[in-house]
Amino acid sequence: MSTSPRHVRTRWAAGLAGALLAAGLPVTAGSASAADDVTINLLDVNDFHGRIDTSTVKVAGTIEQLRAAGGEQNTLFLSAGDNVGASLFASSSQQDVPTVEVLDALDLAASAVGNHELDGGETDLTGRLEQVADYGHVAANVYRKGTTDPVLPEYELLEAGGKTVAFVAATTEETPTLVTPAGIADLEFGDPVEAVNRVVAELEASDTPPDVIVAAYHEGAGAGTPDGSTLEQEVAGGGAFADIVTKTDPEVDAIFTGHTHKQYAWDAPVPGTDRTRPVLQTGSYGEAVGQVQLTVDGDTDEVLSYTARNVARTTTDDAALISAYPRVAEVDGIVDEALAKAAVIGGEPVGEVTADVTTAHVDGKRDDRASESTLGNLVADSLRDSVAATPAGADLGVVNPGGLRNELLKAGSTGADADVNKDGVITYAEANAVLPFVNNLYSVSLPGSALREVLEQQWQTNADGSVPSRPYLQLGLSDNVTYTFDATRPAGERITHVSIDGEPLDPERTYKVATFSFLATGGDNFRAFTKGRFVDTGLVDRDAWIAYLRAESPVSPSFARRAIALEGLRDTYAAGSTITATLPKLDLTSLGSPANTEVTATLKQGSTTVAEGRFPVTAGAAQVSLPVPASAPAGTLSLTFTAAPSGTTVTVPVTVTAAPKPEATIKASAYSLGLLGYALPVRVSGDAGTATGTVTVTRDGRVVARTPLVRGYTLALLLGRFQPGEQLTVAYSGDRRYAPSQTSVVLPRKW
């Protein structure tokens, strides 16, 4: 809670004083009755994503409980965007109309435009969605292409507690990378903070400025910091969220955020003041409702204090909520009708699953988009097989993690469909919930060099080089693809080896990639896809996915990684040296994933094993130290890592060079031959056996004698003018056993 007052808005007081003076009446402290302070009750959701299911009544009940406690006339229900899109089957099968009807029933006053509101393109938002919704969609930073003309309403003026509340909103600037480009081809997305500040300045300069200003951004704290981090940590990370906190106009009283599915309620410093204001995000899917209460001075419109919190979804019994709150009763009717309609087709069994196939989980929650998952890989298999059966063809499948909006769980239903949706059964609705976007499937002909670049772009950058709120997105890959990466390397060099169908990626070869139209056209910042040529196969992801499940039933999760973190491995090792490497992230985090206990490293030449070792896995990481025998053959060998029990296997090439030869010991000592010169006996020996080769003697770089070794011995005669004290170099040529070496000899005095 903050009790730091904001700037004093004195418009009402100044206007009244002017009117009294103009009438010739005295202005005194008791000339007007002081108006009572009012507490404006702002309720908010973000990233609801069409959650029309058995929990929807409780979401509605939470809102109504908070509305009742705060006062009907003092409450505004708002949204920070993504109300629709990536929805559950009951909503998506009816084009999200049930979701909009639920929000209408709850008197949603206004909503920021989320990127998912544009899944169907501009015309779907401004046409179909606007016609269904009673609430307005607001985005100040969406412009007609090539202009600064706003396409959508920039703000809404609302009433609460007798005060005018301006709702100013903006969507993420990353929207062009998050939706199908064709649907927004005539739009541009500007800086959200600049747009909000521009609108706030215009409102403040108007003849009737609002009493309270609320900003809603469909943008939020980054995924790079774990939940539970501090505001200071998030701001220090920079990017869009830091700008929201530190640059939003001080006239804004409260900030709602979204998009990143995080949950926080922070007191953020207001730039240029000693005050704070609330910055809040509720997570996603209606798991919590955000509440900000602003206590506003009845006369001056000064915000005297505030409270901000996220309120967990109520546990009150549905029947009690329906009985107590008319809006909840209306929501219950909408949900029942939507579920009944969806059940007609949604309850049809389409396949079976032997165990849970899920997204990656972290901190007990699904949808960790920075980690590989059993579901992402299974969907990639389905894309490859589905598109391979078309004339366009496919060599591999690639899936973006944000496209996976639900999971295949083995547990059957305990509801009305329990007789059909039994343990292990996958229904049409469950399958559809995994891929709710209805993307077309494309086959993209992509050079191998560009495919490697696609994998590098998992470390995300926007087109301008900035890092988005999700700095890493892990692609799902079909089971004929494996690759190694080293995240400690510089950008552009992190992908260290790629294998497709057991063969190294050929940068010159063209590969056919089966993927969603969204990715094929450069979505999620995977711009390297646009270096290829795509063919629309005419397949829709949902239909192809369901057909795959029917054909492959029962499906099972594969716990073998297709992306293997491998650090510290060199390209070349000498025979007799040791291969050392770290595998820091072997375990998947999808439900049911086993903890690996052992890694086997095997070095082979063809089918012949040259070296092998087994190494323990602790907390998902393994340290490998594999000696290469001195007798190992030189050349390119294969190094395979196999983790158990997951079955993760990856093979990389390693160049082995011949072991370095030892140096032999040279023993040489000259003796005088009088006027004839010197004799120089030389013995070369070592542990590797008898030395062979040649001994060369030089003086000042000039050869004065050269003689072969016989049984490791030779005698060099130095005839002529040699003086005592001269230093000669004795060099041994080396042979198959010994490396070249040399020593020096000083000539003794003559006799």
Side-chain angles (χ1 to χ4, degrees), residues 355 360-362 368 370-374 376-377 455 458 472 474-489 494-505 556-629 632-633 636-656:
H361 284 233
V362 62
D368 174 13
S371 298
E372 186 175 353
S373 72
T374 57
N377 291 341
L455 296 176
Q458 292 174 114
Y472 183 85
Q474 179 67 56
L475 295 171
L477 298 170
S478 52
D479 60 11
N480 60 327
V481 183
T482 58
Y483 71 88
T484 57
F485 67 92
D486 185 345
T488 67
R489 293 193 178 196
R494 292 165 174 146
I495 302 301
T496 51
H497 181 72
V498 184
S499 176
I500 300 176
D501 292 322
E503 297 295 327
L505 178 75
S556 302
S558 169
F559 300 114
R561 278 192 175 275
R562 298 168 193 183
I564 296 92
L566 180 60
E567 299 175 0
L569 186 71
R570 302 200 309 268
D571 295 331
T572 303
Y573 292 88
S577 65
T578 299
I579 295 172
T580 58
T582 301
L583 294 117
K585 194 177 180 182
L586 284 168
D587 297 345
L588 291 178
T589 59
S590 294
L591 295 183
S593 299
N596 285 288
T597 58
E598 183 180 73
V599 166
T600 301
T602 308
L603 184 66
K604 286 189 173 184
Q605 181 189 46
S607 59
T608 301
T609 298
V610 174
E612 186 172 77
R614 289 178 169 78
F615 308 92
V617 178
T618 304
Q623 302 287 334
V624 171
S625 182
L626 181 68
V628 181
T636 300
L637 279 65
S638 63
L639 177 61
T640 300
F641 298 99
T642 304
S646 69
T648 293
T649 302
V650 65
T651 300
V652 296
V654 170
T655 299
V656 174

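Values below: all heavy atoms of this structure, side chains included; hydrogens, waters and symmetry mates excluded. These numbers were taken from a predicted model, which means no experiment stands behind them.
In this structure, Arg494 has no side-chain hydrogen bond (donor to acceptor under 3.5 Å, both in side chains) partners at least two apart in sequence or on a different chain. Residues satisfying the side chain to side chain contact (heavy atoms under 4.5 Å, CB included) test with Ser556, not counting sequence neighbours, are Thr354. Residues passing the side-chain hydrogen bond (donor to acceptor under 3.5 Å, both in side chains) test with Gln623, sequence neighbours excluded: Thr582. Every side chain to side chain contact (heavy atoms under 4.5 Å, CB included) that Asp587 has, sequence neighbours left out, goes to Ala595, Asn596. Qualifying side chain to side chain contact (heavy atoms under 4.5 Å, CB included) partners for Ala644, counting only residues two or more places apart in sequence or in other chains: none.
A side-chain donor-acceptor contact under 3.5 Å links Ser373 to the backbone of Gly376. In this structure, Thr648 contributes its side chain and Ala643 its backbone to no donor-acceptor pair below 3.5 Å. One N or O on the side chain of Asn377 and one on the backbone of Leu477 form a donor-acceptor pair closer than 3.5 Å. With hydrogens and angles disregarded, a donor-acceptor distance shorter than 3.5 Å links the side chain of Arg561 to the backbone of Lys585. Of the possible polar contacts, one joining the Gln458 side chain to the Leu475 backbone as a donor-acceptor pair under 3.5 Å is found.
No side-chain heavy atom of His361 sits under 4.5 Å from any side-chain heavy atom of Asp368. The closest side-chain heavy-atom distance from Ile564 to Phe641 is not below 4.5 Å. Using a 4.5 Å heavy-atom threshold, the side chains of Lys604 and Ser638 count as touching.
Leu637 contributes atom CG, which lies 8.5 Å from atom CD1 of Ile579 (distance to the nearest 0.5 angstrom). With rounding to the nearest 0.5 Å, the separation of CG in Asn480 from CZ in Arg562 is 8.5 Å. Taking NE2 of His497 as the reference point, atom CG of Leu505 lies at 8.5 Å (rounded to 0.5 Å). A distance of 6.0 Å separates OG1 in Thr496 from CZ in Arg489, rounded to the nearest 0.5 Å.
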Problem - Test log, rule side chain to side chain contact (heavy atoms under 4.5 Å, CB included), inputs Leu569 and Thr484 - result: CA-CA 10 Å; Leu569 186 71; Thr484 57; over 6 Å; no

Exercise for the section: Given side chain to side chain contact (heavy atoms under 4.5 Å, CB included), test Asp571 with Thr655 step by step and report yes or no. Expected result: CA-CA 6 Å; Asp571 295 331; Thr655 299; 5.7 Å; no

Practice task
Check the pair Leu603, Val628 against side chain to side chain contact (heavy atoms under 4.5 Å, CB included), reporting the backbone distance first and the verdict last.
Solution key: CA-CA 8 Å; Leu603 184 66; Val628 181; 4.2 Å; yes

Practice task
Would you please test Thr649 and Thr640 for side chain to side chain contact (heavy atoms under 4.5 Å, CB included) and show each step?
Solution key: CA-CA 7 Å; Thr649 302; Thr640 300; 3.8 Å; yes

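Here the shortest heavy-atom pairing between Thr589 and Ser371 reads OG1-CB, 4.3 Å. Nearest heavy atom pair, residue Pro645 against residue Thr597, reads CD-N, 4.0 Å. Taking both residues in full, the closest heavy atoms of Ala563 and Glu372 are given as N-OE1, 3.2 Å, listed atom of the first, atom of the second, then distance. In plain terms, the two heavy atoms of Pro584 and Ala565 that are nearest each other are CD-O, 3.3 Å. Between Val599 and Ala622, the shortest heavy-atom distance links the atoms CG2-CB, 3.9 Å. Nearest heavy-atom pair, Phe559 versus Gly592, reported as atom, atom and distance to 0.1 Å: CZ-O, 3.5 Å.
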Distance-only criterion, 3.5 Å: show the donor-acceptor pairs between side-chain atoms of residues 606-618 and protein atoms not counting sequence neighbours.
residue : atom : partner : partner atom : Å
Glu612  : OE2  : Thr602  : OG1          : 3.0

